[in-house]
Structures are given as C-alpha cells and as structure tokens.
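This is a predicted model, so every value here is computed, not measured. When a ligand or atom number is given, it counts from 1 through the structure's own listing order.
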Amino acid sequence: MESPFKGDILKGKVSLLTGGGSGIGYEIAAELGKHGSFIAIMGRRIHVLDSAVSALQSLGIQAIGVEGDVRKKEDAARVIDATVKQFGKLDILVNAAAGNFLVPSEDLSPNGFRTVIDIDAVGTFTMCHEALPYLKNGGVIINISATLHYTASWYQVHVSAAKAAVDSLTRSLALEWGTDYGIRVNGIAPGPIEDTTGVAKLITKEVTLKRQKDSAQYRMGKKWDIAMAALYLASDAGNYVNGMTMVVDGGIWLNSPRHMSKEEVKQLSKTVEKRSRDAPVGVPKSNL
Ligand code: COA
C-alpha cells in the first residue's frame with residue numbers, strides 16, 4: 001500500500017530498530033527507510049538480519065544489520081555503537097523486539113515469566129538507557145506494546161505484566177527525558193496483525209472467524225498500519241505527542257459483550273423515565 005506521507009519526512013535521520021529483522025519491526029524499518037531514514041536493525045538471528053538487510057537495500061534503503069540480544073547490556077551498547085559508527089548519529093529508536101507464548105499461569109515457571117519481562121520490559125529500558133547519550137538532541141523513541149493488559153488476557157500473565165511495564169516506562173521516560181532533553185517517547189499498541197509470529201503463536205483461525213462473526217469491527221490489521229503509526233510518531237507530524245501509547249487495532253480493544261438488545265434498551269429506558277415522572281415527591285424511586 002502506498003504511504004500517505006511525503007517521501008522525505010525522515011530525510012537524513014538514523015533509525016535503529018530492535019526486532020527489525022522480521023514482522024512488525026521489519027515493516028517499520030522498511031517504511032522509515034522509504035521515507036528517507038538510514039536504517040540499522042538488531043536481532044538475535046544473523047541469517048534473518050542478512051535477508052532483511054538485502055530486502056531493505058533492494059528498496060534503495062541504506063541499511064545494516066547488527067546481531068544482538070536486548071537482554072544483554074553489552075549487546076545493546078555494541079549495536080548502538082555500530083549504528084553510530086556507520087551513520088554518524090542516532091535519531092530514532094524503535095523497540096520492537098518481544099517474546100511471547102500462550103501458557104496458563106499455573107503452568108508458567110518463574111523463569112518463563114522472567115524471560116518475557118527481560119525481553120520486553122528490561123530489554124526496552126536497556127536500549128533506551130544505552131541510546132540516551134545519542135538521543136539528547138530531540139531524539140524519538142517508539143516502544144511497541146499491546147492492549148492485553150488494559151483489562152486482562154487469558155494465558156498471557158507474563159506478557160501482560162511486561163507490556164504494562166513498557167507503557168509505564170514510556171510515560172516515565174517521556175516525562176523525564178522530554179523535560180530534560182526534548183526527547184519524545186511514545187508507544188504503539190497493535191491489535192492482531194496478519195502474517196506475524198505474534199498472531200501465529202496466539203490466535204487460531206477458528207478464533208479469528210468466530211470473533212469476525214460476533215463483531216463487524218473485528219478484523220486483522222496489516223503490518224503497514226503499524227508502520228504508518230510509527231511514521232506519524234517518528235516524524236514532525238507527531239511533534240506534539242509525548243508519553244502516549246497509540247492503540248492501532250481498529251477499535252477491537254473496546255470490545256465488550258452486549259447485554260441487551262437495542263429494543264430492550266428502548267423499552268427499559270421508557271419504563272424507567274415514566275416511573276420517575278410519576279413518582280410522588282419524597283418517595284425513593286427504588287421503592288416504586
Ligand atoms: N510455555 C511455557 N513455558 C515456556 C514456553 C511455553 N511455550 N516457552 C518457553 N518457556 C519457558 C521455558 O520453559 C523456560 O523456563 P524454565 O527454565 O523454567 O523451563 C523459559 O521460558 C525460557 O525459555 P527459553 O526457551 O530458554 O527462552 P529463550 O530465551 O530461548 O526464548 C522465548 C525466549 C521463550 C520468549 C521465545 O519464544 C522467543 O525467543 N520468542 C521471540 C519471538 C516471539 O515470541 N515473537 C512474538 C512476539 S509477539
């Protein structure tokens with residue numbers, strides 16, 4: 001799909017994306033690159049990075065891939081160093097690396113819980129912390145989050161806790177680093193996005209079909225939808241947005257079961273209004 005943004009909105013910017021070798025991270029890398037940014041992607045699997053870099057370069061984007069695990073502080077420092085060595089600076093950090101699996105909480109070991117917290121929450125903080133010295137001239141951070149923790153989600157106790165922490169650090173860093181250095185720190189909370197590992201791991205086709213039947217609003221998003229939100233937040237279009245996690249899910253997170261039909265609501269409303277009009281003064285309406 002064609003971007004509605006001008007092709008040069010990120011001209012000369014340097015972006016580093018964790019988890020940039022595949023899925024949502026790759027798509028954001030490609031769109032930031034198509035809009036003028038130099039791109040560095042970080043990931044654990046070198047063959048994934050290599051093919052992502054080739055794909056980016058075939059789009060005319062100047063890109064490098066640097067192997068590293070966001071759970072390791074020394075990897076974070078090394079990858080940021082390599083990015084700055086290659087492109088001379090760092091303007092935009094996108095934290096898209098994440099870990100996930102479905103598991104009932106009673107079957108999840110504390111180490112399994114810790115592993116996801118380490119990747120999502122500690123990893124995001126580590127990358128932000130190591131990148132800070134380079135972002136002090138009005139840099140931008142975008143943290144990829146989720147909507148799981150707005151209420152509660154089945155079999156996702158670890159990820160919900162991790163993403164709640166990510167959202168919280170988005171706000172705290174926006175406050176502290178926005179005030180001190182003019183850095184904007186925002187998040188994006190994607191809904192179910194087709195062709196991603198997340199959806200492959202978390203949702204079956206049957207669940208998708210059932211939810212589509214229940215709500216006209218329920219549909220899969222595209223990686224492109226998330227990349228457009230990232231472009232908005234990374235560019236001057238999002239200049240006045242800080243500390244905000246933008247939900248990009250077509251409204252799915254608002255989903256709530258309907259308890260009454262529209263007809264029942266009309267009837268109930270009329271009856272209640274009539275009762276309160278007819279009530280003698282001083283008699284509690286609950287007694288009528
Ligand atoms: N169910 C229950 N526990 C699980 C699990 C599952 N499906 N997968 C891993 N764990 C537990 C392990 O048992 C282990 O705990 P233990 O030592 O108490 O047994 C702990 O989690 C760490 O597992 P390990 O496989 O060593 O971690 P890893 O660092 O190799 O991999 C994961 C990290 C588990 C998050 C892996 O799924 C991953 O790398 N994911 C990245 C890609 C991804 O998930 N993308 C989707 C983003 S939405």
Side-chain angles (χ1 to χ4, degrees), residues 17-30 41-52 65-76 79 93-127 142-150 152-167 169-170 187-205 207-208 220-227 229-230 245-250 252-253:
L17 299 96
T18 71
S22 62
I24 287 173
Y26 172 78
E27 186 76 12
I28 298 174
I41 54 175
M42 173 181 183
R44 283 181 297 167
R45 294 166 300 168
I46 192 71
H47 66 281
V48 173
L49 288 179
D50 284 347
S51 64
V66 194
E67 197 182 357
D69 186 334
V70 295
R71 288 173 283 188
K72 297 180 185 151
K73 184 176 177 292
E74 60 279 13
D75 283 16
V79 171
L93 169 67
V94 180
N95 289 299
N100 205 348
F101 48 83
L102 281 179
V103 61
S105 45
E106 65 206 56
D107 297 331
L108 176 64
S109 70
N111 191 43
F113 185 88
R114 185 181 302 112
T115 299
V116 170
I117 299 281
D118 267 353
I119 299 171
D120 292 23
V122 184
T124 295
F125 180 74
T126 303
M127 291 303 298
I142 299 173
N143 297 325
I144 304 303
S145 185
T147 59
L148 305 165
H149 51 294
Y150 293 177
S153 296
W154 287 96
Y155 313 134
Q156 295 272 273
V157 64
H158 47 330
V159 186
S160 297
K163 295 302 194 186
V166 168
D167 288 0
L169 77 87
T170 293
I188 300 173
I193 302 298
E194 62 190 16
D195 300 329
T196 57
T197 312
V199 156
K201 279 187 171 188
L202 306 179
I203 308 173
T204 63
K205 220 176 188 147
V207 171
T208 303
M220 289 271 172
K222 297 188 185 321
K223 288 177 271 192
W224 184 87
D225 294 312
I226 307 306
T245 294
M246 184 193 283
V247 179
V248 184
D249 78 341
I252 290 173
W253 80 276

* Identify, for atom 29 (O) of ligand 1, the protein heavy atom at the shortest distance, and state residue, atom and that distance. => Arg71 NH1, 2.8 Å
* Nearest to atom 22 (C) of ligand 1, what protein heavy atom do you find, and at what distance? -> Thr115 OG1, 3.3 Å
* Asked: If you measure from CD1 on Ile24 to NZ on Lys222, what distance do you get to the nearest 0.5 Å?
  -> 13.0 Å
* Asked: So which of Lys163, Arg44, Arg45 gets nearest to atom 30 (O) of ligand 1, if we judge by its closest heavy atom?
  -> Arg44
* State whether the shortest distance between N or O atoms of Lys201 and N or O atoms of ligand 1 falls below 3.5 angstrom. => yes
* Pick one: which of Ile188, Thr124, Leu93, Thr245 meets side-chain contact (heavy atoms from CB on, under 4.5 Å) with Asn143? -> Thr124
* Structure fact -> When distances are taken from atom 11 (C) of ligand 1, the protein heavy atom at minimum range is Gly112 CA, 3.8 Å
* **Any Arg71 side-chain heavy atom under 4.5 Å of Thr115 side chain** => yes
* So, does Arg114 sit close enough to ligand 1 that a heavy atom of it is under 4.0 Å from the ligand? -> no
* Structure fact -> Among non-hydrogen protein atoms, atom 15 (O) of ligand 1 lies closest to Ser109 OG, 3.2 Å
* So, for atom 20 (C) of ligand 1, does the protein have a heavy atom nearer than 4.0 Å? -> yes
* Structure fact -> Smallest heavy-atom separation, Ile193 atom then Val199 atom, equals O-CG2, 3.2 Å
* Structure fact -> the protein heavy atom lying closest to atom 34 (C) of ligand 1 turns out to be Phe101 CE2, 3.7 Å
* Asked: So do Phe101 and Val116 actually touch side chain to side chain, heavy atoms under 4.5 Å?
  -> yes
* **Closest to atom 45 (N) of ligand 1 (judged by heavy-atom distance), picking from Ser22, Ala98, Gly43** => Ala98
* Per atom 46 (C) of ligand 1, closest listed option by heavy atom (Gly198, Ala96, Pro190, Gly19) -> Gly198
* Asked: Is there a side-chain contact between Gln156 and Asn100, using heavy atoms and a 4.5 Å cut-off?
  -> yes
* Structure fact -> Smallest heavy-atom separation, Val247 atom then Trp253 atom, equals CG1-CD1, 3.4 Å
* Quick one: which of Asn111, Asn100, Asp120, Leu108 has a heavy atom closest to atom 14 (C) of ligand 1? -> Asn111
* Asked: Does atom 43 (C) of ligand 1 have any protein heavy atom closer than 4.0 Å?
  -> yes
* **Protein non-hydrogen atom found under 4.0 Å from atom 24 (P) of ligand 1** => no
* **Side chain Thr18, main chain Ala96, donor-acceptor under 3.5 Å** => yes
* To do: For residues Asp167 and Ala146, report the shortest heavy-atom separation together with the two atoms involved.
  => OD2-O, 4.4 Å
